[in-house]
Amino acid sequence: MARVFNFGAGPAVLPEEVLEQAQKELLDFNGSGMSIMEHSHRGKEYDAVHQEAIANLSKLLNLPDTYSVLFIQGGASLQFAMVPVNLLGTGQTADYVDSGAWANKAIKEAKLVGNVNVVANTGKDIPTRMPRNADLKLTKGAAYVHITSNETIAGSQWKVFPKTEAPLVADMSSDILSRPFDIDQFGLIYAGAQKNLGPSGMAVVVLRKDLAERVPEKALTMLKYKTYIEENSLYNTPPTFGIYILMLVTRWMLKMGPEALYRQNADKAARIYQVLDSSGFYKATAVKDFRSDMNITFRLPTEALEEQFIKEASKAGMKGLKGHRSVGGIRASIYNAFPVAGVDALVSFMREFEKKNG
Ligand SMILES: *Cc1c(COP(=O)(O)O)cnc(C)c1O
C-alpha cells in the first residue's frame with residue numbers, strides 16, 4: 001500500500017527515511033542482536049542514542065550551556081502543571097496570554113498552583129489571532145510570562161515574540177524547530193514531541209538551568225526539573241523508543257540543514273495561503289499577521305461543502321484534513337516532515353474542487 005499524505009494535527013507525519021531506518025533496525029540495533037526497545041536504558045547502545053538526541057537538539061537550537069535539554073513523559077499537558085509547580089513561588093504571580101484552547105489548558109493548571117494574571121485574551125476572537133506585543137499588560141515582578149507560540153486548533157501563530165523582563169515561557173508543541181528563533185529570549189520552552197519531533201507521550205523541555213532552582217523543596221521528585229537535570233533525564237526509565245525516533249528525526253533535520261527546512265516550511269504554507277487569498281470560495285480563519293505556517297485553517301461556504309471536501313480529499317489520498325471538533329472547518333497541518341509533494345497535491349485538489357463547486 002502506498003503512503004497517504006497525512007495532514008493530521010498530531011500525532012503527525014514522520015520523515016519516511018526515519019521510519020525506514022527504524023524498520024531496518026527494529027530487530028537488530030547496531031549489530032547488538034536486539035531492538036533498541038529491548039536495551040537497558042543504562043547500557044552503552046541506548047546511551048549513545050540518548051546523548052545524540054540531546055546533542056542534535058542542542059545544535060539545532062544553538063543552545064548555550066546555561067540551558068538544559070530534558071525529556072519528560074506526560075506530553076505537553078504535564079508541562080502545563082510542571083511549569084507553575086517549578087517556577088511559580090508562593091505569593092508570586094505568573095502572567096499568561098490566553099490565545100486559545102491550548103493556552104486555556106495551561107492557565108487552568110497554573111491557577112491550581114498559584115496566582116495567575118491573564119495579560120491578554122484573544123482566545124475567542126474570530127478571525128483567530130495572537131495579541132499584539134504592545135497590548136500585553138504585564139505584571140511588575142511576575143514569576144514568568146507564558147505564551148503559546150502556535151495555537152494548533154485556531155491556526156494562529158506568534159510571529160515576533162514579546163520582550164519581557166520576567167522569564168518568557170512558551171508552549172511550542174506545534175511549531176518547535178519549524179522556523180528560526182533565538183532561545184536566549186526564553187527562560188523555558190516545551191513541546192509535546194508528536195508534531196515536529198517524533199512519537200507522542202513525551203515532551204522536550206529546554207530551560208535555563210538557574211530557573212530550576214526556584215522549585216519548592218517539598219515538590220515531588222518526578223515533578224522537579226532539577227531531578228531531570230541532575231540525572232540527565234534518566235532518573236527513571238525514559239521512553240527509550242520515542243527518544244530514539246526523536247534522535248533520528250533531529251539527525252534528519254541536521255542533514256537537510258535547518259535553514260533549508262525553515263525555508264521549505266515557509267514556502268509550503270505560502271503556497272496554500274496563496275490559494276486561499278486568491279479565492280472567493282475558501283476563507284482563511286486566522287488574521288493575516290498571525291496565521292500559522294504549521295496549521296492552516298480555513299472554511300468553505302457551507303458545512304456540507306466542507307464535508308464533501310474532506311471526503312473527496314480522503315479518496316484522493318489526503319487524510320486528516322478535518323478541523324478540530326471544537327471549531328469545525330478544514331485544517332491542513334504541514335509540519336516539518338510533511339512532504340512538498342503533499343502540498344502540491346492539496347493545492348491542485350483545492351483549485352479543482354473550487355472550479356467544480358464554486
Ligand atoms: C498538541 C498540543 C498540546 C498537547 O500535547 P500532549 O502531548 O497531548 O499533552 C499542547 N499544546 C499545544 C500547543 C499542542 O499543539
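Counting starts at 1 for both ligands and their atoms, in listed order. Numbers for residues simply follow the sequence, beginning at 1.
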Report each N/O pair between ligand 1 and the protein that falls under 3.5 Å, naming both atoms.
from     : atom 1 : to     : atom 2 : distance (Å)
ligand 1 : 7 (O)  : Ala76  : N      : 3.2
ligand 1 : 7 (O)  : Gln194 : NE2    : 2.9
ligand 1 : 8 (O)  : Gln194 : NE2    : 3.4
ligand 1 : 9 (O)  : Ala76  : N      : 3.2
ligand 1 : 9 (O)  : Ser77  : N      : 2.8
ligand 1 : 9 (O)  : Ser77  : OG     : 2.6
ligand 1 : 11 (N) : Asp171 : OD2    : 2.7
ligand 1 : 15 (O) : Thr152 : OG1    : 2.4
ligand 1 : 15 (O) : Lys195 : NZ     : 2.7

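Heavy-atom contacts from other residues, nucleotides or ligands closer than 6.0 Å to NZ of Lys59 number 12 or fewer.
Here Leu138 pairs with Asp95, Val119, Leu136, Val145, Thr164 under the side chain to side chain contact (heavy atoms under 4.5 Å, CB included) rule; sequence neighbours left out. Take Tyr262 and apply the side-chain hydrogen bond (donor to acceptor under 3.5 Å, both in side chains) test, not counting sequence neighbours, and it matches no residue. Evaluation of the side chain to side chain contact (heavy atoms under 4.5 Å, CB included) rule for Arg208 yields Tyr67, Asp210, Leu211 as partners, not counting sequence neighbours.
Note on Asp277 versus Arg291: salt bridge recorded, some NZ/NE/NH1/NH2 to OD/OE distance being below 4.0 Å.
Residues Gln308 and Phe353 have side chains in contact (heavy-atom distance under 4.5 Å, counting atoms from C-beta outward).
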